[in-house]
Every structure is written in structure tokens, then in C-alpha cells.
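Just so we're on the same page: letters track the sequence lines, and every chain starts at 1.
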Number of protein chains: 2
Amino acid sequence: MDLKQINQQLSKKNLKITRPRQAILEALTHASGWVTAKSLFEELAKQQANIDFSTICRNLELLSSSGILCRVDRDSNGIFAYSVREIEEHHHHLICRSCGKISPMDFCPLQELNSSQTSGYSNLECRFEVYGCCQACQGKE
Amino acid sequence: MDLKQINQQLSKKNLKITRPRQAILEALTHASGWVTAKSLFEELAKQQANIDFSTICRNLELLSSSGILCRVDRDSNGIFAYSVREIEEHHHHLICRSCGKISPMDFCPLQELNSSQTSGYSNLECRFEVYGCCQACQGKE
DNA sequence: AATATAAATGCAAGTACTTGCATTTATATT
DNA sequence: AATATAAATGCAAGTACTTGCATTTATATT
Ligand SMILES: [Mn+2]
Ligand SMILES: [Mn+2]
Ligand SMILES: [Zn+2]
Ligand SMILES: [Zn+2]
């Protein structure tokens with residue numbers, strides 16, 4: 001998704017196109033991989049964009065919950081990595097513990113979960129991430 | 001699991017039976033439900049056990065990774081809740097977003113995950129939690 | 001173009017750990 | 001019982017957000 005398309009999405013959702021938000025999205029669309037709040041803050045500081053850290057965090061959160069970004073707990077330490085969402089369909093992520101590579105998986109455990117395990121519950125959602133060691137990283141260590 | 005059994009487990013793993021650790025485990029075995037680092041710290045402070053917050057956090061982490069405690073991101077905000085593990089088998093948790101009730105599920109998505117989704121990866125592990133609204137909480141809101 | 005209003009921002013303070021390091025303590029070995 | 005050593009602790013400082021609130025700004029309405 002490019003910046004123009006993202007801005008259209010924002011307008012549809014009554015989210016404003018502000019200077020800080022544009023700088024954040026510009027950085028995200030041009031980033032090579034995944035970014036963290038901290039790495040994005042540092043990148044934008046370098047550009048003298050003068051955006052507060054809390055503004056970055058709030059935007060990353062809002063853009064993720066709006067479906068514009070994907071969010072992954074890459075190092076399973078509660079520090080999230082973000083990237084522009086390229087896949088419209090619901091999906092989860094496979095993460096290499098060694099090199100940090102993140103790949104999408106279309107598998108969602110909720111579909112496979114026998115209803116007997118969750119009987120009586122409504123509004124089910126899940127958090128699901130798979131960690132492993134990718135082919136390129138095997139043998140390296 | 002009671003304190004005696006836990007201490008046997010600790011000895012097997014070359015983990016020491018210290019006064020702070022005993023106070024933490026005593027509180028955990030007597031707790032009615034799940035505790036957080038903060039709630040445990042406050043409980044122990046009330047008892048004038050004089051245990052540092054970092055000691056509590058380190059113990060909860062160690063005891064979880066040793067399989068003595070279960071650990072759940074109850075409010076999906078990265079703040080973990082802990083309780084003495086009563087189920088030996090590998091399992092995940094179902095959490096009510098409304099009342100916070102936590103129930104075990106024996107379902108593990110890794111077993112259902114088609115290997116084509118993770119081909120080339122080794123040492124697979126997953127993080128999986130299901131959130132919903134339990135029967136008792138439905139209609140209440 | 002002026003006005004209204006809901007969204008967004010920046011700042012400061014707060015939260016919940018986390019880490020490094022010197023010191024203490026529990027257990028194994030002599 | 002004395003000694004060795006690896007594990008654990010407490011303290012202080014650091015990290016990565018998060019929240020409350022006054023102010024600013026983007027967009028819709030007049
Ligand atoms: Mn994705
Ligand atoms: Mn459990
Ligand atoms: Zn890798
Ligand atoms: Zn409930």
C-alpha cells in the first residue's frame with residue numbers, strides 16, 4: 001500500500017492527515033523492513049521532524065488497530081515491530097528467533113479450535129505468533 | 001502443586017530455596033486466583049516480607065520458564081498474570097475480556113499447523129492465547 | 001471566509017518492569 | 001566444621017512505553 005491509498009483509508013475512518021502522521025507514514029512506506037517505536041523515533045529525529053515519542057507510539061497503535069499496519073512481538077519481549085500491511089486477509093506471523101525475519105502465515109488457529117474448548121464464549125479473538133529458526137539461520141549457530 | 005513438591009522441583013533444577021523465594025511461593029500457593037508482579041509485591045509488602053520488586057519479577061520469570069507457574073497476558077497489555085501450574089501437559093489459555101477468568105485449553109495450534117506454512121523452520125514454538133466473553137459475562141454488558 | 005468540533009499533538013509525569021553490579025546466601029565439596 | 005562456588009538478592013539506574021491534560025490543528029458546517 002502506498003501513501004495515497006493509506007490517506008484515503010484514513011479519511012474514510014475520520015482520521016486526520018496531520019504533519020506528524022504523514023512523516024510517520026512516509027517513513028513506514030519507505031522503510032526496508034519492520035520498525036519499532038524507538039527506531040522510528042530515531043529515524044524521524046535524524047530528519048529533524050520533531051515528533052514526540054508519544055505521538056509515534058499512539059500512531060503506531062492506532063494504525064495497527066485500523067488495519068493499516070501489521071504488528072508483531074518480534075523478540076517475544078513485548079516490544080512490537082510494525083510494517084505497512086500488504087496482505088488484506090486475516091493472518092498471523094512466523095518469526096525467526098535468530099535473524100528476526102518475519103513471514104506471514106494464512107493459518108489461523110481460531111478456525112481449527114474445536115468449539116468444545118471455547119463453549120459458551122462469544123467474541124473470540126486470538127493472539128498467535130510462531131517462533132523458530134529459519135533455513136538460512138540453521139547451521140550458522 | 002503444594003510448596004513441598006515445588007521445593008523438590010527446585011532442588012532438582014539446582015534452584016535454591018531462599019527466604020524471598022519461599023515467601024513468593026507461599027503467597028502463590030495460597031492465592032485464590034492469578035497474581036501479577038505488582039499485586040504480589042503489594043501482598044508481600046503488607047506482610048513486611050521486605051522483598052525487592054526486581055526479585056519478585058525475576059522469580060516469576062524463572063518459575064514460569066521452569067514450568068512451575070503458568071503465565072498469561074490477561075489484559076493483552078503485556079502485563080502478565082501468574083498462577084501455580086496445576087496441569088502438567090502443554091496447554092494454552094482462554095481468557096474472558098470482561099471478568100478476567102482464565103481457563104486452560106489443551107488445544108495447541110502448532111500441532112494443527114500444516115508444515116507447508118513453516119517449511120524449512122526448526123525449533124518451532126508458539127505463543128497462543130484466546131480472548132472472548134465468557135457465558136457468565138454475556139448480557140451483563 | 002469564519003466558525004465549530006472532534007481529532008491529534010506535545011509536554012510532563014507515571015507505570016511496570018529490566019539490567020548491571022556489588023554483596024549475600026544456600027548448597028556441595030573437602 | 002570450614003571452604004568454595006554458583007545462585008540469588010537488593011539497590012540504583014535505565015528502558016520503553018503510557019496517560020492526563022492543556023493546546024493546536026484538520027476538516028465539516030455554516
Ligand atoms: Mn502481516
Ligand atoms: Mn495453565
Ligand atoms: Zn533466520
Ligand atoms: Zn467473564
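Linking ILVMFWY side-chain heavy atoms closer than 4.5 Å, directly or via other members, places F128(A) and V72(B) in two distinct hydrophobic clusters. By the criterion of side-chain heavy atoms lying less than 4.5 angstrom apart, applied directly or through intervening Ile, Leu, Val, Met, Phe, Trp or Tyr residues, M105(B) is not grouped with I95(B); the two fall into different hydrophobic clusters. W34(A) and L63(A) are not part of a single hydrophobic cluster, where members link through side-chain heavy atoms under 4.5 Å apart. Hydrophobic clustering (ILVMFWY, side-chain heavy atoms < 4.5 Å, transitive): I102(A) and L69(A) are in distinct clusters. Criterion: ILVMFWY side-chain heavy atoms under 4.5 Å apart, direct or through other members. Under it, L113(A) and Y131(B) are not part of a common hydrophobic cluster.
The shortest non-hydrogen separation linking L28(A) to V35(A) is CD2-CG2, 3.6 Å.
At the phosphate of dG10(D), OP1 or OP2 sits under 4.0 Å from a side-chain N or O atom of T55(B).
A salt bridge links K38(B) with E42(B): the distance from a Lys NZ or Arg NE/NH1/NH2 to an Asp or Glu carboxylate oxygen falls below 4.0 Å. The pair E61(B)-R71(B) meets the salt-bridge criterion, with a side-chain N (NZ, NE, NH1 or NH2) lying under 4.0 Å from an Asp/Glu carboxylate O. A salt bridge is absent between D75(A) and R97(A): the closest approach of a Lys/Arg side-chain nitrogen to an acidic carboxylate oxygen does not fall below 4.0 angstrom.
Taking the side-chain hydrogen bond (donor to acceptor under 3.5 Å, both in side chains) definition, one finds that Q135(A) meets it with nothing, sequence neighbours left out.
Counting heavy-atom neighbours within 6.0 Å of E125(B) CD, excluding the residue itself, gives a total of 12 or less.
If you check residues 58-74 of chain B against DNA chain D, the residues with a heavy atom closer than 4.0 Å are R58(B), N59(B), listed by number. Non-hydrogen atoms lying under 4.0 Å from DNA chain C are contributed by L15(A), K16(A), T18(A), R19(A), P20(A), R21(A), all within residues 15-24 of chain A.
In this structure, the CG atom of D52(B) is 15 Å from the P atom of dT19(C), given to the nearest Å. K13(B) places its NZ atom 19 Å from the C1' atom of dA26(C), with the value rounded to the nearest Å.
Defined by atom type and a distance below 3.5 Å, a donor-acceptor pair is missing between the side-chain atoms of Q9(B) and Q5(B).
The closest side-chain heavy-atom distance from L110(A) to T118(A) is not below 4.5 Å. Residues R21(A) and L62(A) meet the side-chain proximity criterion, which asks for heavy atoms closer than 4.5 Å. Using a 4.5 Å cut-off on side-chain heavy atoms (C-beta onward), E129(A) and C126(B) make no contact.
Among the protein residues, N50(B) comes within range of the sugar-phosphate backbone only, with heavy atoms under 4.0 Å from sugar or phosphate atoms but none that close to a base.
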Can you pull every protein N or O that's under 3.5 Å from an N or O on nucleotides 14-17 of chain D?
none

Atom pairs under 3.5 Å: protein N/O with N/O of nucleotides 28-30 of chain C:
none

| said: Only Watson-Crick and G-U wobble pairs with both distances less than 3.5 Å should count. Give DNA chain D in dot-bracket notation, marking inter-strand partners with |. | reply: ||||||||||||||||||||||||||||||
